[in-house]
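Just so it is clear, the values below take in all heavy atoms, side chains as well, and ignore hydrogens, waters and symmetry mates. A, B, ... follow the sequence lines: proteins, then strands. Residue 1 opens every chain.
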2 protein chains.
Amino acid sequence: MTTRTSRGRRPGAPDTRAEVLAAARASFAEKGFRGTTIRAVAASAGVDPALVHHYFGSKDDLFVAALEIPVDPREVLAPVVAAGPDGAGERLLSAFLGVWDDPAIQPGLLAMVRSLIADDSGGLVRDAFIPVVVGPVLAGLVADRPDVRIPLVASQVVGLIVARYLLALPPMAQMPAEDVVARMGPVLQHYLTGDLP
Amino acid sequence: MTTRTSRGRRPGAPDTRAEVLAAARASFAEKGFRGTTIRAVAASAGVDPALVHHYFGSKDDLFVAALEIPVDPREVLAPVVAAGPDGAGERLLSAFLGVWDDPAIQPGLLAMVRSLIADDSGGLVRDAFIPVVVGPVLAGLVADRPDVRIPLVASQVVGLIVARYLLALPPMAQMPAEDVVARMGPVLQHYLTGDLP
DNA sequence: AGCACAATTCAACACATGGTGAAAAACGTC
DNA sequence: GACGTTTTTCACCATGTGTTGAATTGTGCT
């Protein structure tokens, strides 16, 4: 039911709709859902606020449009799992950083996580994302007691994301991905397969 | 320059000011700064919105009042550091959980961290809190290369806080403090004193 | 040129929010 | 009871927000 049904623009012409979406994504990523205003998005795209509504409907609709991420976590994690538990910590981190450091993907993820933590909407991660999406995948990687190991892995990964991307703590934010993998990989490996009290 | 200068209320009487502050603290902790409205705080305390202003001034003032935490991080960490690096990982975690699991302290900390992550105000943590407050303290605990080790410790601790308190992921949120200490302590110890690539 | 349709802007509404100043109510003291 | 003080409410204001519908401009087609 979108407006854009017919043939595309002529090549070279600016795609205003895409620019608005990019501006929205950036604002959601930086300021979260509540901190983002339609007017600010419109201004940042050099456009009238009404146009934003014309293209995307309500602010909620704009948000879910900005959340659209060109990556399926299951596809990213599949090869990590397929290679078995040896060195899985490093591979897991590598895959993660590969996605998060991709400038085409990062703003959408950032918007999602920032808004998730900002409001109380953690219920979504708690009830859907972790148990349904990431839980089953990681289950193939842990040695045993997934109910204990998965939250440990999750807590370390969440900490990395918050420190490196949301808070941009130096030097964590500037550290090359390989260094992060080398230093945190063994810890993840320990959480996945090491001895647990 | 507050209004409350003269002698206190008679014992047993309800302290409206304190109730308003508690309501504000709870709302800031749950919904963050932007998600909190003066009207909602007033309603939750069963009071007129103007009274909130009368007691606390602006919304910013109310926020800093809600942030007041009866704990100095330096005092909490001092004994951890004094005992030296052996088992520092466990002691660090223990001290941390002791503070965060204290229901008298938690809402204030939650409000602080939630709002810090929600907006872009991470600059405060980045530029003041970590380097000025926690950095020097932890510097006495790390074996060497504090610029690398401290962010690693920080990322794991941040992950714990976000997973356990902000997102309340099960079973991390329900795990007894001792279990957390037993399972994450060795990792922190490794970040503090272990071999690093 | 004229037409159909998409892209874009304009002007405005309804509402929620932070904030203010004066009035009223409650309370202790003499 | 009359007073000063504190506590609490009332009635507004200015502003920013999401949203809407009509109007305007632009573009391609015949």
Side-chain angles (χ1 to χ4, degrees), chain A residues 1-25 27-28 30-67 111 115 118-119, chain B residues 1-25 27-28 30-67 111 115 118-121:
Chain A
M1 204 71 70
T2 68
T3 309
R4 168 168 301 269
T5 58
S6 49
R7 54 241 174 274
R9 320 166 321 284
R10 70 172 187 285
D15 187 348
T16 312
R17 198 190 125 103
E19 280 168 23
V20 170
L21 183 56
R25 208 171 252 143
S27 179
F28 283 133
E30 195 182 344
K31 304 177 193 293
F33 180 82
R34 286 213 168 91
T36 294
T37 74
I38 301 274
R39 280 171 166 84
V41 169
S44 156
V47 135
D48 190 275
L51 192 62
V52 180
H53 277 106
H54 174 66
Y55 278 132
F56 296 97
S58 75
K59 185 182 177 184
D60 291 306
D61 295 338
L62 176 63
F63 185 60
V64 320
L67 249 43
S115 301
D119 317 323
Chain B
M1 206 70 69
T2 69
T3 309
R4 167 168 302 269
T5 58
S6 50
R7 53 241 177 275
R9 320 167 324 283
R10 69 173 187 286
D15 187 346
T16 311
R17 199 190 123 102
E19 281 169 22
V20 170
L21 183 57
R25 209 171 254 142
S27 180
F28 282 132
E30 195 182 345
K31 303 177 195 294
F33 181 81
R34 285 212 170 92
T36 294
T37 74
I38 301 273
R39 281 170 165 83
V41 169
S44 156
V47 135
D48 190 277
L51 192 61
V52 180
H53 279 108
H54 173 67
Y55 277 132
F56 296 97
S58 76
K59 186 183 177 183
D60 291 307
D61 296 337
L62 176 63
F63 185 60
V64 319
L67 249 42
S115 302
D119 317 323
D120 197 37
S121 37

Peer 1: Among the candidates D/dG18, D/dC10, C/dC10, find the nucleotide nearest to the side-chain atoms of B/Ala50.
Peer 2: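 It is D/dC10.
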
Peer 1: Please pick, from C/dT8, D/dT19, C/dT20, the nucleotide with the shortest atom-to-atom distance to any side-chain atom of A/His54.
Peer 2: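 Taking heavy atoms from C-beta onward, the closest nucleotide is C/dT8.
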
Peer 1: Report the distance from atom CG of B/Leu21 to atom CZ of B/Phe56, rounding to the nearest 0.5 Å.
Peer 2: 4.5 Å

Peer 1: For B/Lys31 and C/dT17, what is the distance between atoms NZ and C1' respectively, to the nearest whole Å?
Peer 2: 16 Å

Peer 1: Taking CG from B/Asp60 and C1' from C/dG19, how many angstroms apart are they, rounded to a whole number?
Peer 2: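 Checked: the CG to C1' distance equals 12 Å.
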
Peer 1: Figure out the CZ/C1' separation between A/Arg17 and C/dT8, and round it to whole Å.
Peer 2: 15 Å

Peer 1: Are A/Val41 and A/Ser44 close enough, and set up right, to give a side-chain contact (heavy atoms from CB on, under 4.5 Å), and what steps lead you there?
Peer 2: CA-CA 5 Å; A/Val41 169; A/Ser44 156; 5.8 Å; no

Peer 1: Rounded to the Å, how far apart are A/Arg39 CZ and C/dT8 P?
Peer 2: 19 Å

Peer 1: What's the CG-C1' distance between A/Asp61 and D/dG18, to the nearest Å?
Peer 2: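 A/Asp61 atom CG is separated from D/dG18 atom C1' by 12 Å.
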
Peer 1: So if I take every side-chain heavy atom of B/Tyr55 and compare against D/dT19, D/dT9, D/dT8, which nucleotide ends up nearest?
Peer 2: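 Given the options D/dT19, D/dT9, D/dT8, the side chain of B/Tyr55 is closest to D/dT8.
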
Peer 1: Once the angle between the rings of A/Phe33 and A/Phe28 is folded into 0 to 90°, is it parallel (under 30°), tilted (30 to 60°) or perpendicular (over 60°)?
Peer 2: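 Ring orientation of A/Phe33 relative to A/Phe28: parallel.
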
Peer 1: Main chain of B/Ser27, side chain of B/Thr36: is a donor-acceptor contact present, judged purely on distance under 3.5 Å?
Peer 2: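 Judged by distance alone, yes, a pair lies under 3.5 Å.
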
Peer 1: Return the 5'-most residue of the pair B/Pro49, A/Gly46 with respect to DNA chain C, ranking by each residue's nearest nucleotide.
Peer 2: A/Gly46

Peer 1: Kindly point out which of C/dG21, D/dG21, C/dG18 is positioned nearest to the side chain of B/Ile38?
Peer 2: C/dG18

Peer 1: Looking only at the side chain of A/Asp48 (C-beta and beyond, no hydrogens), which of the listed nucleotides C/dG21, D/dG18, C/dC10 gets closest?
Peer 2: C/dC10

Peer 1: Can you tell me how far CD1 of B/Ile38 sits from CG of B/Leu62, rounded to the nearest 0.5 angstrom?
Peer 2: 5.5 Å

Peer 1: Would you mind classifying the nucleic acid contact of A/Leu51 as base, sugar-phosphate or nothing, using non-hydrogen atoms under 4.0 angstrom?
Peer 2: base

Peer 1: Does B/Thr16 place a side-chain N or O at less than 4.0 Å from the phosphate oxygens OP1/OP2 of D/dT8?
Peer 2: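 Checking B/Thr16 against D/dT8: at least one side-chain N or O falls below 4.0 Å of OP1 or OP2.
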
Peer 1: For B/Phe33 and C/dT17, what is the distance between atoms CZ and P respectively, to the nearest whole Å?
Peer 2: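 Result: 13 Å.
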
Peer 1: B/Val47 side chain: which of D/dT19, D/dT9, D/dT20 is closest?
Peer 2: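 Minimum distance to the B/Val47 side chain belongs to D/dT9.
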
Peer 1: Round to a whole Å and report the spacing from NE2 of B/His53 to C1' of D/dC12.
Peer 2: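 One finds 14 Å between C1' of D/dC12 and NE2 of B/His53, rounded.
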
